[in-house]
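Here is the structure we will look at, set down as structure tokens.
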Number of protein chains: 2
Amino acid sequence: MPDQTAPTQTPTQTPIEAPPTPGFQRAADSLVRQIEARIAAGDFADGSPLPPERDLIETYRVSRTVVREAVAALASRGLVESRPRFRPVVRRPGYDAALAAADGVVGHLLAQSGGVKNLYDTRIFLEASLVRQAARQARKDDIEALKRALDANEAAIPDSAAFYRTDTEFHAVLYDIPKNPVFPAIHKAFTAWLAPHWVKMPRSPERNRVNYLRHSDIYQAIRDRDADAAEVALVAHLNAAWEYVRGTFEQP
Amino acid sequence: MPDQTAPTQTPTQTPIEAPPTPGFQRAADSLVRQIEARIAAGDFADGSPLPPERDLIETYRVSRTVVREAVAALASRGLVESRPRFRPVVRRPGYDAALAAADGVVGHLLAQSGGVKNLYDTRIFLEASLVRQAARQARKDDIEALKRALDANEAAIPDSAAFYRTDTEFHAVLYDIPKNPVFPAIHKAFTAWLAPHWVKMPRSPERNRVNYLRHSDIYQAIRDRDADAAEVALVAHLNAAWEYVRGTFEQP
DNA sequence: GCTTTCCTTTGGTCGGACCAAAATTGCGCA
DNA sequence: TGCGCAATTTTGGTCCGACCAAAGGAAAGC
């Protein structure tokens, strides 16, 4: 009796399609919705393991096949985190999970010609807008946070590994300023996707110092509430970084 | 003899981690990578159906369980499109597929408090930057495309359904101007995610006319190369729309 | 009290089977 | 010869039962 879904599911008000939807639903999809609801309702606590597959079989009266398919689907949606031989861990979805769901495809996009450039250009575009906005609306504590990140960046000049971390952190502060959780998630995604193409970049205290000075320019422009200067400094900074590494993976 | 994986898979040279990675790989993951590669290589043509599961079983010498799991994974990554009882169709991943992969999670985010606002604010932010950029760098044919979309928008004022379409199209042109495929994909995702919250908005030729005039303002500002005016007009337009519909789903 | 060993639990994989809907074949009628 | 409809074969969706190896605990030994 796999019809426990029929009565609950909405008739899906899309009467505009004759050939595509034959009105058939996978049992697994139904299970996914039910478990989704229980996760959203806090029925399965965040961070705790999902019940064993055998339990779910009894609870929902479905075969293990369906349970496994459903759990796999939940994992791909970021609602649970499943390591190979361990119980899947429930994860209340956050904004970063949304971007993380795109990881797989993005990997392919980055691999194809011009992919890295497209994504990097998007980052420049977005970050340029962020610094403009920061120059106009950053609060005093935002600017203080930026200053702290800048100082940490300066202190890390001799240590390239530490410099990379503080560099990322400096930019992260920019994404925090709008107080919209979407932006930090985007920053996380950008760094995760672009980092593999960045680590090849040769680093040295000299280059670190140059980058630090660029960061300093950006900071000062924001502090001085000069949106145009901030944007120019940011774009110059990121474009310079691009020029510096393009040779490492672009030789058409 | 389920050991066909044991000899082939690498002993995973990662002696640097005791608890996290037990050096175990799901057979399905391996299959996913192999099929991924063949899709990327054009071995499976875009738009054509994937081989039947029974064939894949023989080709890769794995059980149907593994094949199904792999196909499901590919589907969740947007590499194949699988309708319930049909052969999965191969889809060479595009930028919109990346965003589409986030659909599931985004649904949850939108459901939670402030989710719609966060996403809509992000849209305003991005689109404001787009019109700035358009005012500065739009080419002649970009502005002509914008004008055509604007005219179509005006012609559709009496028909609210048509107006909605041309409205979306007008904004879409803005995302096309940077010539970066990431932006149209983002626009597609935004409209897909926000549309369900938008259809509730009462529509009328009067409101359509107001919105058309806003679009006209944006167009003129871009044509006149006035970035500030374009941004102001765009933000005013989108904020007004927000105020107009917020009552329909925000009463805390 | 702490390590070591044994048993149980649990996820991963396999093989076979059945169903219903798709896709294909082929027959019969015009 | 051409075409529409029915019989047949494919094919995806689901279920079942079984086995393995690793994780998680429990019991035994130091």
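Naming convention: chains lettered A, B, ... in sequence-line order (proteins, then strands); numbering from 1 in each chain.
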What's the closest nucleotide to the side chain of B:Glu53 if the choices are D:dT14, C:dG12, D:dG12?
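For B:Glu53, the side-chain atoms sit closest to D:dG12.
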Nucleotide of D:dC15, C:dT13, D:dG24 approaching A:Phe86 most closely (side-chain heavy atoms):
D:dG24
Looking at residues at least two apart in the chain, or sitting in another chain, which of them share a salt bridge (charged side-chain N to carboxylate O under 4.0 Å, His left out) with [X]?
{"X": "B:Arg26", "answer": "B:Asp29"}
{"X": "A:Arg148", "answer": "none"}
{"X": "A:Glu81", "answer": "A:Arg91"}
{"X": "B:Arg38", "answer": "B:Asp43"}

How long is the line joining [atom1] of [X] and [atom2] of [N], in whole Å?
{"X": "B:Leu56", "N": "D:dT10", "atom1": "CG", "atom2": "C1'", "value": "14 Å"}
{"X": "A:Asp29", "N": "D:dT14", "atom1": "CG", "atom2": "P", "value": "8 Å"}
{"X": "A:Arg26", "N": "D:dT14", "atom1": "CZ", "atom2": "C1'", "value": "12 Å"}
{"X": "A:Phe24", "N": "C:dA22", "atom1": "CZ", "atom2": "C1'", "value": "12 Å"}
{"X": "A:Arg61", "N": "D:dT14", "atom1": "CZ", "atom2": "P", "value": "18 Å"}
{"X": "B:Leu50", "N": "D:dT11", "atom1": "CG", "atom2": "P", "value": "12 Å"}
{"X": "A:Ile57", "N": "D:dT14", "atom1": "CD1", "atom2": "C1'", "value": "12 Å"}
{"X": "B:Leu31", "N": "C:dG12", "atom1": "CG", "atom2": "C1'", "value": "14 Å"}

Is the shortest side-chain N/O distance from B:Arg68 to OP1 or OP2 of D:dG13 below 4.0 Å?
yes
Can you name the atoms? Protein N/O to nucleotides 16-19 of chain C N/O, anything below 3.5 Å, with the distance.
residue, atom, partner, partner atom, Å
C:dA17, N6, B:Arg64, NH2, 3.4

Any side-chain heavy-atom pair of A:Phe44 and A:Ile35 under 4.5 Å
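Contact flag for A:Phe44/A:Ile35 side chains = yes.
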Answer yes or no: is there an ion pair linking B:Lys179 with B:Asp142, defined by an N-O contact shorter than 4.0 Å?
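Salt bridge present between B:Lys179 and B:Asp142.
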B:Arg123: which residues meet the side chain to side chain contact (heavy atoms under 4.5 Å, CB included) condition with it, sequence neighbours left out?
B:Tyr120, B:Glu127, B:His171, B:Tyr175, B:Phe190, B:Leu194, B:Leu238
